[in-house]
Amino acid sequence: MSTYLLVHGAWHSGRSWERVVPILESAGHRVFAPSLTGHGDKAHLLAPEVGLGTHIDDIVGLITREDLDDVVLVGHSYGGMVISGAADRAPGRITRLVYLDTEVPEDGEAGIDAFPVIKQLVDDAVDGWRIPPPPEQPPPLGLFGVTDPDDVAWLRSMLSDLSARCLQEPVRLSDPAARAIPRMHIHCVGGRRADIPRRPVPVGEAKRELPTGHDCMITMPAALSELLLEPA
C-alpha cells in the first residue's frame with residue numbers, strides 16, 4: 001500500500017480531487033487531498049503574506065504530522081512548485097513525484113518563471129496581491145480545460161482568489177536526495193493554448209499524456225487514476 005498525497009493547483013482546493021480519491025482508495029491505498037492555506041476550507045486564511053513557502057509548509061507539516069512514508073506526491077499545475085519544495089525538505093519519505101500538467105522548477109525559480117504566461121495576472125493583482133481566478137474561455141479552452149456546463153459549475157464552486165506571493169516567491173532546492181526521487185510527468189494535451197510552451201522532460205523520466213484539458217482530475221479521473229497507479 002502506498003500513500004497518495006494530492007496537491008491542487010492555483011485557485012483550486014482539495015475538492016478538485018474528489019473523483020480521483022475513491023478510485024485510488026478502492027485500489028487499497030491511503031489518500032490525502034488537502035486544501036492549501038487560503039483555499040477551500042482554509043479560504044478565510046488568505047492574506048498577502050501567504051506564499052509558496054506557506055504551501056510547502058502545509059504539505060511538509062501534513063507528512064510529518066501523519067508520519068507518512070512511501071508517499072506518492074502528486075502536484076497539479078502550481079502544485080508542481082509545492083511538491084518540489086516539499087520533496088526537498090522530506091526526500092526520505094517520498095517514493096515518487098508526479099508532475100501533473102506542470103513544469104519542474106529549478107532552484108531559485110518562482111511561479112512566474114516556470115509559467116511566464118501568468119505574469120500579467122500578477123501584474124494586475126487586486127490591491128497589489130489578490131489574484132481572482134481567470135475567466136472561462138470558449139471551447140476547447142473552457143475553464144481550466146473544463147467545458148461541460150455541469151462540471152464548470154462544480155469547478156466554479158471550489159475556486160477562490162490566490163495570493164500573488166504564491167507566484168512570486170522562489171522555491172529553494174538544495175538536497176540532492178530529492179533529485180534522485182523517481183518522477184513521472186503527465187501532460188494534458190487536449191485544448192491547450194498554442195502560446196504556452198512546455199519544457200522538455202528529462203531523458204529517463206516517465207512521460208504520459210491524457211487527451212483532455214488542464215483539469216484532468218475532473219474531466220478524466222479514471223484515466224488519470226490508472227496512470228497514477230502505474231508501478232514506478
(message) Is there a side-chain contact between M217 and R19 in this structure, where contact means two heavy atoms from C-beta onward sitting under 4.5 Å apart?
(response) no
(request) Flag yes if more than 12 heavy atoms outside D124 fall under 6.0 Å of its CG atom; otherwise flag no. (result) yes
(message) Can you see whether T54 engages T37 through a side-chain donor-acceptor pair at a distance of less than 3.5 angstrom?
(response) no
(request) Rounded to the nearest 0.5 Å, what's the gap from CD1 on I181 to CD1 on I94? Could you check? (result) 5.0 Å
(request) Keeping the roles fixed (side chain from D127, backbone from W129), state whether a donor-acceptor pair exists under 3.5 Å. (result) no
(request) Please report the C-alpha distance between H8 and S16 in whole Å, then the side-chain angles of each, then the deciding distance to 0.1 Å, and finally whether the side chain to side chain donor-acceptor pair (under 3.5 Å) criterion is met. (result) CA-CA 7 Å; H8 63 79; S16 61; 5.8 Å; no
(request) Consider only side-chain heavy atoms of I, L, V, M, F, W and Y, link residues closer than 4.5 Å, and tell whether I218 and L141 are in one cluster. (result) no
(message) For E230, is the CD atom crowded, meaning more than 12 foreign heavy atoms sit under 6.0 Å from it?
(response) yes
(request) State, with a plain yes or no, whether a side-chain heavy atom of V98 is found less than 4.5 Å away from one of I186. (result) yes
(request) To the nearest 0.5 Å, tell me how far F144 CZ sits from S77 OG. (result) 7.5 Å
(message) With side-chain contact (heavy atoms from CB on, under 4.5 Å) as the criterion, how do K119 and D113 come out once you've worked through the C-alpha distance, each side chain's angles and the decisive distance to 0.1 Å?
(response) CA-CA 8 Å; K119 186 177 184 302; D113 301 313; over 6 Å; no
(message) Does any part of the side chain of L229, heavy atoms only, come nearer than 4.5 Å to the side chain of H29, both counted from C-beta?
(response) yes
(request) Drop me the distance from L45's CG to L36's CG, to the nearest 0.5 angstrom. (result) 11.5 Å
(request) Side-chain contact test, heavy atoms from C-beta onward, threshold under 4.5 Å: evaluate it for V71 versus Y4 and give yes or no. (result) no
(request) Using a strict 4.0 Å threshold on nitrogen-to-oxygen distance, state whether D57 and R89 make a salt bridge. (result) yes
(message) Would you compute the distance between atom SG of C166 and atom CG of L46 and round it to the nearest 0.5 angstrom?
(response) 7.5 Å
(message) H39 and side chain to side chain contact (heavy atoms under 4.5 Å, CB included): which single residue from L162, D161, D58 fits?
(response) L162
(message) Just by distance, no angles: are the side chains of D70 and T3 close enough, under 3.5 Å, to form a donor-acceptor pair?
(response) no
(request) Verify, without hydrogens or angle tests, whether S13 (side chain) and G40 (backbone) share a donor-acceptor contact under 3.5 angstrom. (result) no
(message) Testing the 3.5 Å rule here: is there a donor-acceptor pair between the side chains of S157 and R15?
(response) yes
(request) Go through the side-chain N and O atoms of Y78 and H12 and say whether any donor and acceptor fall under 3.5 Å apart. (result) no
(message) For residues V152 and W154: do they belong to one hydrophobic cluster (side chain heavy atoms under 4.5 Å, members Ile, Leu, Val, Met, Phe, Trp, Tyr)?
(response) yes
(message) How close do I59 and P34 get, counting heavy atoms only, and between which atoms?
(response) CD1-CG, 4.1 Å
(request) Please round to the nearest 0.5 Å and tell me the distance separating atom NE2 of H185 and atom CG of L227. (result) 13.5 Å
(message) Any non-hydrogen side-chain atom of L167 less than 4.5 Å from a side-chain atom of I131?
(response) yes
(message) Please tell me whether I23 and L6 are part of a single hydrophobic cluster in this structure, the criterion being side-chain heavy atoms less than 4.5 Å apart.
(response) no
(request) Could you check if a side-chain atom of T64 sits within less than 4.5 angstrom of a side-chain atom of V60, using non-hydrogen atoms only? (result) yes
(message) Testing the basics here: between C216 and L224, what is the closest heavy-atom pair and its distance to 0.1 Å?
(response) SG-CD2, 3.9 Å
(message) Determine whether a donor-acceptor pair (N or O, by modelled atom type, separation under 3.5 Å) exists between the side chain of T102 and the backbone of Y99.
(response) no
(request) Indicate, with yes or no, if V50 and I118 share a hydrophobic cluster defined by side-chain heavy-atom contacts under 4.5 Å among Ile, Leu, Val, Met, Phe, Trp and Tyr. (result) no
(request) State the CG-CG distance between L155 and D151, to the nearest 0.5 angstrom. (result) 8.5 Å
(message) Any salt bridge linking E205 with R179? Criterion: basic side-chain nitrogen under 4.0 Å from a carboxylate oxygen.
(response) yes
(request) Answer whether the closest heavy-atom distance between the side chains of H214 and H76 falls below 4.5 Å. (result) yes
(request) Flag yes if V74 and L68 sit in one hydrophobic cluster, no otherwise; membership is Ile, Leu, Val, Met, Phe, Trp, Tyr, and two members link when side-chain heavy atoms are under 4.5 Å apart. (result) yes
(request) Would you check if F115 and E109 make a side-chain contact, meaning some heavy-atom pair closer than 4.5 Å? (result) no
(message) Using a 3.5 Å distance criterion without hydrogens, assess whether the side chain of R96 forms a donor-acceptor pair with backbone atoms of P182.
(response) no
(message) Looking at every non-hydrogen atom in both residues, tell me the closest pair between A114 and E103 and how far apart they are.
(response) O-CG, 3.6 Å
(message) Looking at D88 and S174, would you say the former's side chain and the latter's main chain have a donor-acceptor pair under 3.5 Å?
(response) yes
(message) Check this for me, if you would: do E106 and R199 make a salt bridge, where the nitrogen-to-carboxylate-oxygen distance has to be below 4.0 angstrom?
(response) no
(message) Looking at every non-hydrogen atom in both residues, tell me the closest pair between G14 and S35 and how far apart they are.
(response) N-OG, 2.9 Å
(request) Examine distances only and state if a side-chain atom of T147 and a backbone atom of P140 form a donor-acceptor pair shorter than 3.5 Å. (result) no
(message) For a quick test of reading the model, state the closest non-hydrogen atom pair linking D107 to R172 and the distance between them.
(response) OD1-CA, 3.3 Å
(message) I'd like to know if the side chain of E169 and the backbone of L52 have a donor-acceptor N/O pair within less than 3.5 Å.
(response) yes
(request) Looking only at non-hydrogen atoms, find the nearest pair between R208 and M184 and report the distance. (result) CG-CE, 4.2 Å
(message) If the threshold is 4.0 Å, N to carboxylate O, is there a salt bridge linking E136 and R156?
(response) yes
